[in-house]
Amino acid sequence: MTDDIVSFLRARIEEDAELARHASTRAVREVAAKRRVLARHALSPAAGDPELPWEDRDDCQYDGDDWPCPDLLDLAFPYADHPAFHPAWLPAR
């Protein structure tokens, strides 16, 4: 499930992009912004990493937070009612 959130978000953002093509100029900019945020965040797996993280955990290459990082969880949260959404992606409160 480590990379599932990225695939999930890419699919949802593509759906948003399709809707944005038929909606307002702001919606198109919102999709572009989401794509830029998603592109900055990549899984940095502990396994096979020559610079193994100190805690031997998967982390986000961008910010070093546990994977999935809070930014990805925040991007995924609006899609919480989607059938492919994993409850583990709910952001900490």
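These values consider heavy atoms only, across backbone and side chains, with no hydrogens, waters or symmetry-generated copies.
- Partners of Val37 by side-chain contact (heavy atoms from CB on, under 4.5 Å), not counting sequence neighbours, listed by chain and number: Arg40, His41, Leu75.
- Rounding to the nearest 0.5 angstrom, the gap separating the CG atom in Leu43 from the SG atom in Cys69 is 10.5 Å.
- Leu73 meets the side-chain contact (heavy atoms from CB on, under 4.5 Å) test with Ile5, Pro68, Trp89, Pro91; sequence neighbours excluded.
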| message | Does His82 form a ring pair (Phe, Tyr, Trp, His ring centres under 6.0 Å) with Phe8? I'd like the steps, not just the answer. | response | CA-CA 10 Å; His82 191 280; Phe8 174 82; 5.6 Å; yes
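- Listed here is the closest heavy atom pair of Val6 and Leu38: O-CD2, 4.3 Å.
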| task | Could you check Leu72 against Tyr62 for side chain to side chain contact (heavy atoms under 4.5 Å, CB included), going step by step and ending with a plain yes or no? | result | CA-CA 11 Å; Leu72 293 185; Tyr62 178 74; over 6 Å; no
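- Leu9 is not connected to Leu19 by any chain of hydrophobic side-chain contacts under 4.5 Å among Ile, Leu, Val, Met, Phe, Trp and Tyr, and they are in different clusters.
- Val28 approaches Ala20 most closely through the heavy-atom pair CG2-O, 3.6 Å.
- Of the inter-residue distances, the one linking Asp58 atom CG with Asp65 atom CG reads 13.0 Å to the nearest 0.5 angstrom.
- Each salt bridge (Lys or Arg N to Asp or Glu O under 4.0 Å) pair with one or both residues in residues 66-79, not counting sequence neighbours, appears once here: Arg57-Asp66.
- With respect to the salt-bridge test (charged N to carboxylate O, under 4.0 angstrom), the residues Lys34 and Glu30 qualify.
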